[in-house]
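Comments concern the structure below.
Residue numbers start at 1 and run along the sequence shown. Just so you know, ligand 1 is whichever comes first in the structure, and atom 1 is the first atom listed for that ligand.
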Amino acid sequence: MERSVVTIERHILEAERQFPEATGALSNILYDLALAAKLITREVRRAGLVDIIGKTGAVNVHGDQVKKLDEYADEVIFRALDHCGHLCVMASEESEGLLHIPGEFRTGNYCLLYDPLDGSSNIDANISVGTIFSIHRKVSAGPAGTLEDCLQPGSRQVAAGYVLYGSSTMLVYTTGNGVHGFTLDPSIGEFILSHPWMRIPSPGQRIFSANEGNFVNWSSRQQNLLNHLKGLDGVSQNPFSARYVGSMVADVHRTLLYGGLFMYPGEKQNPKGKLRLLYEASPMAMLIEQAGGRATDGERPILDVQPTDLHEKTPLFLGSLEYMDLVDRFLPPSDESLEAVPMSAS
Ligand code: AHG
Ligand code: MN
Ligand code: MN
């Protein structure tokens, strides 16, 4: 063995020791999220089989109805965290309103926002999906959490992360002290530190990741950016490669490891695009910035955006610093002309 074997529990504990004033609450929330990730992994790995084995009763021993995976993941996360005593409220992509802590359990000083199953349209095709989470400190008065606790800008996140259910399951998180990745060893059921201190490569690989099928609905600035990346504006002889899974967790994970540019811009009918600020864009922005990259909505840092609605959407651009500079050059503040921006080589 060349390196110590560090479990996620040990890693979180060691990190906590550096802050003598830490209560352990945040660590406990992260453990419980890791537990939820294992339960979701088990179910994701059986996708496609549940209809078959579930009906025989061989697997579905509890007599539960076979659930859609996103509903299952939503419930698992809520139930893994509702009784931990450290959360005052939760919010999920799957529920319109706030998810209050049941009356029989204690409440705490943190608020959890999550996307239980990201990329759910990919699940039937056996393509990677994920979970995204964002944690804020409680700011409202009184024991119960309120909307005010959830509607905080990303810069106030105390932790953020995602789980990627890919060829292996990985949990990647930050508490503001670097980005650390853990791979689940299914034989022992432990997340083992496999990617300490993750940094987005700079210069990163020349990869762009966007749903180009929306090209016709993009602004001319956005179209110009794409044309530049593809070498169609004649400026660069070295076009980017295209990679787009359609599961944000997978696309962002690749961007974190290889570098490049991930984008989900606004569209004519949907000026704010598709991705949700609180439980998709903000946590990914915290991770990417902690890893040395940048994330914006095309005009300002995602982490500076003050949310006004639990499920609000935002355009999103994130990636390696040098490619984010290109985004700034092609998408300057909206009052400028929509004509092509003259480019120097890049
Ligand atoms: P979700 O499955 O949580 O609704 O999120 C899907 C998101 C995201 O994962 C991905 O980046 C994007 O939708 C893909 O959208 P398009 O199909 O429009 O490209
Ligand atoms: Mn999603
Ligand atoms: Mn989802």
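Between E267 and the choices N211, N217, N214, the side chain to side chain donor-acceptor pair (under 3.5 Å) rule is met once, by N214. Screening L318, L229, T255, I207 for a side-chain contact (heavy atoms from CB on, under 4.5 Å) with L261, the sole residue that qualifies is L229.
Between N214 and ligand 1, not a single N/O pair is under 3.5 Å apart.
Contact check on R294 versus D325 returns a salt bridge, with a Lys/Arg side-chain nitrogen under 4.0 Å from an Asp/Glu carboxylate oxygen. Using a 4.0 Å cut-off between charged nitrogen and carboxylate oxygen, E148 and K138 do not count as a salt-bridge pair. A salt bridge is absent between R276 and E312; no separation between the charged side-chain nitrogens and carboxylate oxygens falls under 4.0 Å.
Here E93 does not reach the Mn ion (ligand 2): none of its N/O/S atoms is less than 2.8 Å from the metal. With 2.8 Å as the limit, L117 counts as an N, O or S neighbour of the Mn ion (ligand 3).
Contact annotation: for N211 versus ligand 1, heavy atoms closer than 4.0 Å belong to the side chain alone. Heavy atoms of L117 found under 4.0 angstrom from ligand 1 belong exclusively to the backbone. Residue S247 touches ligand 1 through its backbone alone, judged by heavy-atom distances below 4.0 Å.
Taking the Mn ion (ligand 2) as reference, the nearest N/O/S atom within D115 carries the name OD2. Restricting E280 to its N, O or S atoms, the one at the least distance from the Mn ion (ligand 2) is OE2. No other N/O/S atom of D118 lies as close to the Mn ion (ligand 2) as OD1 does.
Short contacts between ligand 1 and D115, defined as distances under 4.0 Å to a heavy atom of the residue, involve ligand atoms 3 (O). The M248 neighbourhood of ligand 1 comprises atoms 8 (C), 9 (O), 10 (C), 11 (O), with distances under 4.0 Å to a heavy atom of that residue.
When ring centroids are compared, H136 and Y110 stay outside the 6.0 Å threshold. Aromatic pair Y114/F78: centroids not less than 6.0 angstrom apart. Aromatic pair H11/H180: ring centres closer than 6.0 Å. Less than 6.0 angstrom separates the ring centroid of H311 from the ring centroid of Y279.
Closest protein heavy atom to atom 18 (O) of ligand 1: Y264 OH, 2.5 Å. Here the protein heavy atom with the shortest distance to atom 1 (P) of ligand 1 is G119 N, 3.7 Å. The nearest protein atom to atom 14 (C) of ligand 1, hydrogens excluded, is given as Y244 OH, 3.2 Å; this is a heavy-atom distance. The nearest protein atom to atom 10 (C) of ligand 1, hydrogens excluded, is given as G246 O, 3.3 Å; this is a heavy-atom distance. In this structure, atom 5 (O) of ligand 1 lies nearest to the protein heavy atom D118 OD1, 3.2 Å.
A donor-acceptor contact closer than 3.5 angstrom links the side chains of S202 and E322.
No more than 12 heavy-atom neighbours from other residues, nucleotides or ligands sit within 6.0 angstrom of CG on N126.
Of the candidates R276, K274, E94, E280, the one placing a heavy atom closest to atom 15 (O) of ligand 1 is K274.
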